[in-house]
Colleague: 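Okay, handing you the structure first.
Chain naming here is simple, since letters A, B, ... match the order of the sequence lines and numbering starts at 1 in each. This structure is a prediction, so every number in the text was calculated from the model and none was measured.
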Protein chains: 2
Amino acid sequence: MPMDKDALIRRIRCFTSLSTEEEQVLRQLAGERQRNIGPREDIIREGDPPHLVYLVLNGWACRYKTLEDGRRQILAFLLPGDLCDINNNVLQEMDHSIGAITPVTVAQIGHERIADAVAAFPRLSRALWWHTLTSIAIQREWTVNIGQRSAFERIGHLLCELFARLEAVGLTRGTQCDFPLIQTEIAGATGLTPVHVNRTLQELRGEGLIVLGNRVLDIPDMPRLQAASLFVADYLHLNCEIRGGDDDAASFRSVA
Amino acid sequence: MPMDKDALIRRIRCFTSLSTEEEQVLRQLAGERQRNIGPREDIIREGDPPHLVYLVLNGWACRYKTLEDGRRQILAFLLPGDLCDINNNVLQEMDHSIGAITPVTVAQIGHERIADAVAAFPRLSRALWWHTLTSIAIQREWTVNIGQRSAFERIGHLLCELFARLEAVGLTRGTQCDFPLIQTEIAGATGLTPVHVNRTLQELRGEGLIVLGNRVLDIPDMPRLQAASLFVADYLHLNCEIRGGDDDAASFRSVA
DNA sequence: CGCCAAGTTGAGAGCCATCAAATAGCGTGG
DNA sequence: CCACGCTATTTGATGGCTCTCAACTTGGCG
């Protein structure tokens, strides 16, 4: 599969413009030790010590957690351009697993490589924080999604989010995008059963809100789906105004 | 109310030991501009630009998000020693609100104060990252909680978590602790209705797992409640071995 | 052609929501 | 001291969203 070294760059461009030197550095990070993972294979498992940062170059992955009795919750989807836990090395061990959904290619980046990059280009620190903070915001929104929305809204919301995130890294074509998730995975992410996901998808199709099949998702009328799902994209913090200056570069270097 | 400037120190001691100088700096941060917030009052609201870091000195607060149609989800509880989003200034605006549950005292800390502290004591950077990463881990666990657990387990799990976190900052007395949440708030946090929370609490009481009343919680047999709730404390990342050296201090300063 | 995974359908049950009303707790004011 | 009013808690009855169990269909692939 072709690797997509620029996904991270496209992602960060949603937050800020990048100089060619900064892009160069990001491209170098994306070129670190590649690793290919087969579908349904784990990238890192609960209990492992986290010693590398993974950058998804290609394919879909997910964070998930399994309870003792086998129940399994998907916590997040990782799309191309997503970075796993910068500074996760602070913690002793993973409290959840990360697994590939499709075949996945990741760059495995040592923490010191990131430190070097940030030291050379302090503005990148702010960008990486933005990346981290939006991941947290997404996690919060999932809490809202599962806690408050009906199955119909919940699945609709998930589809809106995934589409928006794919769009941000240039992986959509008009109103459609590749969509490799099987219904069981949608179920695991939304806290529903596969059976009910099936019926709810039929409802969404019935209302003409989505066209889903053959691993391709089409959302003919995004505003309508968003309204039906109570989706408000603010939490993704995309399309921020491009804020140039390194006005407070000092603070990036330290806490950032 | 007496303020508790050492809550943050006690919290961080769960991760690492601190030199007296480091403690001094943290205490200084806790002494920044105090602000008192009345119960049910907002500290910061969705849409506001986040320009300060809040450190909870006293009382309980929560993050929450309200949907257009009024449904409200509590996303996290903020206890003494909790710090709100270091580096949140990277984002343009809050995507959720933070409100006081009880009367709350916070220290309002400018980002540059934190930057200074970290510059002076690089080890603190690692500690603050630990703080941030555990908050994320808790958010993930809430996703699991709401997505996979029954009402009974869900409430039990929440109580276990809150108790463990209070214990970490020295706010428990034996098997009990102050517990200011009303049933409606437990409902908002667990994605249940107040009525069902009421009935479920009665079940928990009926099984002798909790004693709850007069704003005091007693958990006579914690292991039993944990087992009944499928609670595993690992995700809180407390009681890490105390890792001394500033072996990779360089990396703290940069991405840290 | 047969196998296996994924998707679909049906029937029935159960957990939790909803609606409504009663009770309890508690500070305030008469 | 008791009445009052508010909020929090509790209880009852009913309904529905979602789960569970089970079987069937479809589709991809060797």
Colleague: So for A/R199 and C/dG7, does any side-chain atom that can act as donor or acceptor lie under 3.5 Å from a complementary atom in the base?
Modeller: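 Not at all, since no donor on one side and acceptor on the other fall under 3.5 Å apart.
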Colleague: Given C/dC16, C/dA17, C/dT9, identify the nucleotide with an atom nearest to the side chain of A/V195.
Modeller: C/dT9
Colleague: Between the side chains of A/R165 and A/E161, is the shortest nitrogen-to-carboxylate-oxygen separation below 4.0 Å, so that they form an ion pair?
Modeller: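 Salt bridge present between A/E161 and A/R165.
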Colleague: Tell me what B/S150 touches on the nucleic acid: a base, only sugar-phosphate, or nothing, going by heavy atoms under 4.0 Å.
Modeller: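 If one applies the 4.0 Å heavy-atom cut-off, B/S150 turns out to touch the sugar-phosphate alone, with no base involved.
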Colleague: Nearest whole Å is fine: how far is C/dA17 C1' from B/D69 CG?
Modeller: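 B/D69 atom CG is separated from C/dA17 atom C1' by 15 Å.
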Colleague: Are side-chain heavy atoms of A/C62 and A/L75 found at a separation under 4.5 Å?
Modeller: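 Side chain of A/C62 against side chain of A/L75, heavy atoms only: no contact under 4.5 Å found.
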Colleague: Please determine, for the side chain of B/I182, which listed nucleotide (D/dT9, C/dT18, D/dG28) has the closest atom?
Modeller: D/dT9
Colleague: Take atom CD of B/E203 and atom P of C/dC16, then tell me their distance rounded to the nearest Å.
Modeller: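 It works out to 9 Å between those atoms.
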Colleague: If you check the A/N198 side chain, which of D/dT18, C/dA17, C/dT8 turns out closest?
Modeller: C/dT8
Colleague: For A/L192, which contact category applies under a 4.0 Å heavy-atom criterion: base, sugar-phosphate, or nothing?
Modeller: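 Since only primed, P, OP1 and OP2 atoms lie under 4.0 Å of A/L192, the category is sugar-phosphate.
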Colleague: Indicate whether OP1 or OP2 belonging to C/dG7 is found under 4.0 Å from a side-chain N or O atom of A/Q202.
Modeller: no
Colleague: Starting from P on C/dG25, measure out to CZ on B/R215 and report it in whole angstrom.
Modeller: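 These atoms are roughly 12 Å apart.
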Colleague: Take atom CZ of A/R149 and atom P of C/dA17, then tell me their distance rounded to the nearest Å.
Modeller: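 For the pair A/R149 CZ and C/dA17 P, the rounded distance is 17 Å.
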Colleague: Taking CZ from B/R71 and C1' from C/dA17, how many angstroms apart are they, rounded to a whole number?
Modeller: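 Taking atom C1' of C/dA17 as the reference, CZ of B/R71 is at 13 Å.
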Colleague: Name the residue from B/R10, B/R63, B/R11 that meets the salt bridge (charged side-chain N to carboxylate O under 4.0 Å, His left out) definition with B/D82.
Modeller: B/R11
Colleague: Among side-chain atoms of A/Y54 and A/N88, is any donor-acceptor pair under 3.5 angstrom?
Modeller: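 Their side chains do not contain a donor-acceptor pair, so the 3.5 Å distance test is not met.
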Colleague: Tell me the interatomic distance from B/H196, atom NE2, to D/dC17, atom C1', rounded to whole angstroms.
Modeller: 13 Å
Colleague: Give B/G213 one of three labels, base, sugar-phosphate or nothing, depending on what nucleic acid heavy atoms sit under 4.0 Å from its own.
Modeller: nothing
Colleague: With the side chain of B/R40 defined as its heavy atoms from C-beta on, choose the nearest nucleotide among D/dA8, D/dT20, C/dT8.
Modeller: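 Looking only at side-chain atoms, B/R40 lies closest to D/dA8.
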Colleague: Which of the following nucleotides, D/dT11, C/dC26, C/dA6, is nearest to the side chain of B/N214?
Modeller: C/dC26
Colleague: When all nucleic acid strands are considered with a 4.0 Å heavy-atom cut-off, which category describes A/R205: base, sugar-phosphate, or nothing?
Modeller: sugar-phosphate
Colleague: Where does the angle between the aromatic ring planes of B/W60 and B/F179 fall among parallel (under 30°), tilted (30 to 60°) and perpendicular (over 60°)?
Modeller: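 Answer is perpendicular, since the angle exceeds 60°.
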Colleague: Rounded off to whole Å, could you give me the CD-to-P distance for the B/Q183 and D/dT11 pair?
Modeller: 10 Å
Colleague: Select one nucleotide: of D/dT18, D/dC19, D/dG28, the one nearest the side-chain heavy atoms of A/A151.
Modeller: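 The answer is D/dT18.
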Colleague: How many Å lie between CD on A/E153 and P on D/dC17, as a whole number?
Modeller: 12 Å
